[in-house]
Amino acid sequence: MKSSDFSSKAPHLFSLLLSVCIAVGMWYVVSVRDRLEAQLDVSLDYYGIPGDLVITDGLVNKVVIRLRGPETLLRSMTQRKLIQAVNLSHIKKGTTSVPLTGEALGPALRAFELVDVQPPRLVIKADTLLERTVPVRAKVESPLRTGALAVENVSVTPDTVLLRGPESAIAEISSIPLTIMLDPKSAGTIMNQTIPLDTPSLVTPIPASVKVQYTITSGRTVVSRRCKIEISTEERRLYAVTPEEITVLVEVPDALATNARYLGQLEISIVPPPLQPGESRNAPLRFRLPEGMTLLNPTLKEVKVTQKTPLPQGKAD
């Protein structure tokens, strides 16, 4: 071999050795030096659930993992949100245990040593997905006492719905109860409402709501009531109201027009404004009406409130 050939190859050999040394050094810095542990939250998404099954229990939103690895890589992991998809295509009806190993949590963690996972496994409970058509059973309720409202022509559309959910839950449902709460302020008109259906957990109704129509046939009556104005403060004895009573007109269901207990629930009050002894100011009236009562235009909307002047010592009140 000529000396010129050796001298020309020597720089290339030196460059190769230098590259190997740099690569080893970088591997040492990244993979060996400054290995740390970190605890991270990993959000879980699920896919592959068999179409004929519905999961009834065992799914969790996230797991907590502890990793050991190079500081540089760990810091990059802690600065981003971790989301991992979990394949559930192999689950069966009943209970299936799904271990949360490094392989199950995906390739993103292969560069690290997985120290711990909590929980270490998922215990998935699944049931057969069942569909069944059941009737809607309407129940009419009133916020007033029984018999205060008369209702006719109650209809529900549609009157049957399709339920979709776990077999164990669907098998126990013979009908869907629907509570229709009457509006006691309506009379003689056709009422239309859309009411969502209330079903057990994991049971989906199709459609999710039904249309309800009914007519309140009982009428309403205008009643005149004379009420004392109450003073809403613990120191009510320090104040005087002018006038002390007012007369108002209210509209009530026919059946309650002479019911003293019901009519007595009408309350009129005022909250005294800040006053000095002997000073007077107007205060707005506050009306508290029982369910089903409508206040017609009151003759007064505010009254005069006076803070009494204290009597001199030794004088009786």
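As the structure is a prediction and not an experimental result, all values here were calculated from the model. Basis for what follows: all heavy atoms, side chains included, without hydrogens, waters or symmetry-related copies. Position 1 is the first residue of the sequence, and the numbers go up from there.
Contact record, Ile216 with Asp183: CD1-O, 3.0 Å, taken as the closest heavy-atom pair. Nearest heavy atoms, Ile91 versus Thr96: CA-OG1, 3.8 Å. Scanning both residues, Leu44 and Val63, for their nearest heavy atoms gives CD1-CG1, 3.7 Å. Annotation for Val136 and Leu197: closest pair CG1-CD2, 4.5 Å, computed over non-hydrogen atoms. The minimum heavy-atom distance between Thr233 and Pro272, with the atom names listed, is CG2-CG, 3.9 Å. For Ala283 against Val305, the heavy-atom pair with the smallest separation is CB-CG2, 3.7 Å.
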List the steps, then state whether side chain to side chain contact (heavy atoms under 4.5 Å, CB included) holds for Gln193 with Ile180. CA-CA 9 Å; Gln193 295 177 327; Ile180 303 174; 4.1 Å; yes
Go through it in stages, so that I can follow the logic: the residues are Tyr47 and Leu88, the test is side chain to side chain contact (heavy atoms under 4.5 Å, CB included), and I'd like the CA-CA distance, side-chain angles, deciding distance and then a yes or no. CA-CA 6 Å; Tyr47 71 97; Leu88 298 181; over 6 Å; no
Salt bridge (charged side-chain N to carboxylate O under 4.0 Å, His left out) between Lys93 and Glu167, intermediate numbers included: CA-CA 11 Å; Lys93 179 179 180 179; Glu167 181 180 16; 3.2 Å; yes
Given Ile55 and Ile124, is the side chain to side chain contact (heavy atoms under 4.5 Å, CB included) satisfied, shown in steps? CA-CA 7 Å; Ile55 295 177; Ile124 304 296; 4.0 Å; yes
Start with the C-alpha gap between Ile270 and Tyr239, add the side-chain angles, then the distance that decides, and say whether side chain to side chain contact (heavy atoms under 4.5 Å, CB included) holds. CA-CA 11 Å; Ile270 58 98; Tyr239 298 91; over 6 Å; no
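Atom CG of Leu238 and atom CD of Gln307 lie 6.0 Å apart (nearest 0.5 Å). Ser155 contributes atom OG, which lies 4.5 Å from atom CD of Gln213 (distance to the nearest 0.5 angstrom). The distance from the CG atom of Leu266 to the CZ atom of Arg225 is 7.0 Å, given to the nearest 0.5 Å. Within the model, atoms CG of Asp45 and CG of Asn87 stand 13.0 Å from one another, a figure rounded to the nearest 0.5 Å. Rounded to the nearest 0.5 angstrom, Met293 CE and Arg288 CZ are separated by 11.0 Å. Considering CG of Leu295 and CG of Leu285, their distance stands at 10.0 Å, rounded to 0.5 Å.
Linking Ile, Leu, Val, Met, Phe, Trp and Tyr residues whenever their side-chain heavy atoms come within less than 4.5 Å places Val210 and Ile173 in a single cluster. Cluster membership check: Ile49 does not share its hydrophobic cluster with Val203, using side-chain heavy-atom separations under 4.5 Å among Ile, Leu, Val, Met, Phe, Trp and Tyr. The cluster map of Ile, Leu, Val, Met, Phe, Trp and Tyr, joined by side-chain heavy atoms under 4.5 Å apart, puts Met181 and Val140 in different clusters. Hydrophobic clustering of Ile, Leu, Val, Met, Phe, Trp and Tyr side chains at less than 4.5 Å, counting indirect connections, unites Val134 with Leu130. Val60 and Val117 fall within the same hydrophobic cluster, where Ile, Leu, Val, Met, Phe, Trp and Tyr residues are linked whenever their side-chain heavy atoms come under 4.5 Å apart, directly or through other members.
Ser280 is not listed as a side-chain neighbour of Thr242, based on a closest heavy-atom distance of 4.5 Å or more. Side-chain contact between Phe287 and Val248 is present, with heavy atoms from C-beta onward closer than 4.5 Å. The side-chain heavy atoms of Ile246 and Ile268, taken from C-beta on, include a pair separated by under 4.5 Å. At least one side-chain heavy atom of Pro184 sits under 4.5 Å from a side-chain heavy atom of Pro143. Counting heavy atoms from C-beta on, the side chains of Pro50 and Ser89 never come closer than 4.5 Å. In this structure, the side chains of Thr247 and Ser224 come closer than 4.5 Å at one or more pairs of heavy atoms. At least one side-chain heavy atom of Leu144 sits under 4.5 Å from a side-chain heavy atom of Leu256. Under the 4.5 Å side-chain criterion, counting only non-hydrogen atoms from C-beta, Leu182 is in contact with Val151.
The closest donor-acceptor contact from the side chain of Ser218 to the backbone of Ala150 lies under 3.5 Å. In this structure a side-chain-to-backbone donor-acceptor pair under 3.5 Å is missing from Tyr262 to Val252. No side-chain donor-acceptor contact under 3.5 Å links Thr215 to the backbone of Thr217. Proximity of a side-chain donor or acceptor of Thr56 to a complementary backbone N or O of Lys125 within less than 3.5 Å is detected. Side-chain N or O atoms of Arg121 include none that pairs as donor or acceptor with a backbone N or O of Leu100 at under 3.5 Å.
Within the structure, every pair that satisfies the salt bridge (Lys or Arg N to Asp or Glu O under 4.0 Å) test and touches residues 244-258, not counting sequence neighbours, is listed here: Arg220-Glu251, Arg226-Glu245. Within the structure, the side-chain hydrogen bond (donor to acceptor under 3.5 Å, both in side chains) test picks out no pair touching residues 266-279 (sequence neighbours left out).
Surrounding CD of Glu234 are at most 12 heavy atoms belonging to other residues, nucleotides or ligands under 6.0 Å away. Residue Lys308 places its NZ atom among more than 12 non-hydrogen atoms of other residues, nucleotides or ligands, all under 6.0 Å distant. Within 6.0 Å of atom CZ in Arg132, more than 12 heavy atoms from other residues, nucleotides or ligands are found, so the atom counts as buried in its surroundings. For Asn61, the CG atom is loosely surrounded, since the number of other residues' heavy atoms within 6.0 Å does not exceed 12.
Ile83 forms part of no hydrophobic cluster, judged by ILVMFWY side-chain heavy-atom separations under 4.5 Å.
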